Amino acid sequence: TQLLEQSPQFLSIQEGENLTVYCNSSSVFSSLQWYRQEPGEGPVLLVTVVTGGEVKKLKRLTFQFGDARKDSSLHITAAQTGDTGLYLCAVNKGAGNNRKLIWGLGTSLAVNP
Amino acid sequence: GAVVSQHPSRVICKSGTSVKIECRSLDFQATTMFWYRQFPKQSLMLMATSNEGSKATYEQGVEKDKFLINHASLTLSTLTVTSAHPEDSSFYICSARDRVTNEKLFFGSGTQLSVL
């Protein structure tokens with residue numbers, strides 16, 4: 001079973017549109033991370049949310065952590081072609097040297113000019 | 001900021017040959033490094049966790065004799081794909097955890113392996 005469910009899996013929109021992608025789970029997390037990955041590159045950390053109900057903004061990107069810390073959303077306002085990429089949510093699992101990132105399946109976003 | 005260098009960025013090899021991929025933390029020491037495999041437009045699949053000075057821990061379904069991991073120093077881990085076959089063609093990414101903070105994870109830029 002997949003710990004983190006991301007939706008939608010694929011999204012193709014026109015430049016200037018708004019969009020929201022979701023990361024859901026039945027488990028509670030102490031924190032959750034969002035990454036963006038462009039083709040042929042490693043993922044880049046966008047934000048870490050830690051407090052239930054927290055909202056963080058990064059220019060046109062708004063991240064929200066659910067009150068119960070089980071889910072998160074990423075909203076992009078007035079999408080640009082440069083926003084195209086794979087958006088991944090991830091959480092830490094385990095402790096010490098056994099701690100590792102568990103990834104969602106990702107949302108592949110294409111913003112068309 | 002911290003940098004993880006992954007080399008080569010792209011490699012094409014013949015079926016049956018072995019390919020080594022290097023992952024270096026350039027300005028920090030990493031006790032733990034991770035190796036991932038990724039198919040186009042899909043998420044990262046963790047292959048193994050590599051701790052300096054000890055054997056790597058492989059995820060279920062990953063052949064340890066096929067994907068040899070060595071983490072000989074605090075700044076270098078290598079992944080060797082042995083006797084590569086076309087089905088091994090994929091994007092491989094490493095990441096390294098900063099030893100000091102033990103929190104942040106830094107990613108390499110990936111290696112695209114194509115096996116002919």
Side-chain angles (χ1 to χ4, degrees), chain A residues 1-12 21-25 29-50 72 74 83-111, chain B residues 1-10 21 23 25 30-60 71 74 90-99 101-114:
Chain A
T1 55
Q2 185 69 24
L3 182 64
L4 297 172
E5 300 282 351
Q6 280 191 251
S7 61
Q9 188 176 357
F10 298 99
L11 188 57
S12 180
V21 298
Y22 301 92
C23 178
N24 297 311
S25 178
F29 305 112
S30 57
S31 65
L32 183 144
Q33 300 173 16
W34 282 96
Y35 291 80
R36 179 170 67 213
Q37 184 184 23
E38 297 186 21
E41 298 289 334
V44 175
L45 178 65
L46 296 175
V47 79
T48 301
V49 286
V50 295
S72 182
L74 157 59
D83 296 327
T84 293
L86 182 67
Y87 289 82
L88 296 155
C89 64
V91 294
N92 276 303
K93 190 176 181 184
N97 283 344
N98 294 320
R99 188 156 53 94
K100 57 187 178 185
L101 271 181
I102 305 298
W103 299 87
L105 294 180
T107 293
S108 180
L109 171 65
V111 181
Chain B
V3 175
V4 172
S5 173
Q6 188 172 340
H7 180 80
S9 58
R10 184 177 292 272
I21 303 170
C23 181
S25 55
T31 47
T32 306
M33 289 187 173
F34 302 89
W35 287 95
Y36 303 88
R37 184 173 180 176
Q38 187 178 32
F39 294 104
K41 296 189 179 181
Q42 293 187 23
S43 190
L44 284 71
M45 294 188 302
L46 180 65
M47 299 174 67
T49 302
S50 166
N51 290 303
E52 185 265 339
S54 62
K55 289 184 179 180
T57 303
Y58 289 81
E59 295 297 304
Q60 192 172 7
H71 191 162
L74 286 172
S90 189
F91 192 59
Y92 293 87
I93 306 174
C94 70
S95 67
R97 177 173 292 138
D98 187 335
R99 178 192 187 200
T101 66
N102 202 32
E103 283 292 331
K104 283 198 167 183
L105 207 56
F106 301 95
F107 288 84
S109 54
T111 297
Q112 182 64 52
L113 171 63
S114 299

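All chains are named by letter (A, B, ...) in the order of the sequence lines, taking the proteins before the strands, and each is independently numbered beginning at 1. Owing to the predicted nature of the structure, the values given are computational and were not obtained by experimental measurement.
For F34(B), there are no ring pair (Phe, Tyr, Trp, His ring centres under 6.0 Å) partners, not counting sequence neighbours.
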Test log, rule side chain to side chain contact (heavy atoms under 4.5 Å, CB included), inputs L74(B) and T31(B): CA-CA 6 Å; L74(B) 286 172; T31(B) 47; 4.0 Å; yes
Working for ring pair (Phe, Tyr, Trp, His ring centres under 6.0 Å), residues F91(B) and Y36(B): CA-CA 8 Å; F91(B) 192 59; Y36(B) 303 88; over 10 Å; no
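Atom-to-atom distance recorded for F107(B):CZ and S95(B):OG is 4.5 Å, nearest 0.5 angstrom.
Taking non-hydrogen atoms and a 4.5 Å limit, the residue list of residues 48-58 of chain B in contact with chain A, ordered by number, reads T49(B), N51(B).
Across all their heavy atoms, L88(A) and S43(B) have their closest contact at CD2-OG, 3.4 Å. Heavy atoms only, all atoms of each residue included: E38(A) and T84(A) are closest at CG-O, 4.3 Å.
Proximity to chain A involves both the backbone and the side chain of L44(B), based on heavy atoms less than 4.5 angstrom apart. There is no contact between Q112(B) and chain A, counting heavy-atom distances below 4.5 Å. Neither the backbone nor the side chain of Q9(A) comes within less than 4.5 Å of any heavy atom in chain B. With a 4.5 Å cut-off on non-hydrogen atoms, Q38(B) touches chain A through its side chain but not through its backbone.
With chain B as partner, the option from N92(A), L86(A), L105(A), T107(A) having the largest number of non-hydrogen pairs under 4.5 angstrom is L105(A).
Salt bridge K100(A)/E59(B): present, at least one basic N to carboxylate O contact under 4.0 Å.
S31(A) is not listed as a side-chain neighbour of V91(A), based on a closest heavy-atom distance of 4.5 Å or more.
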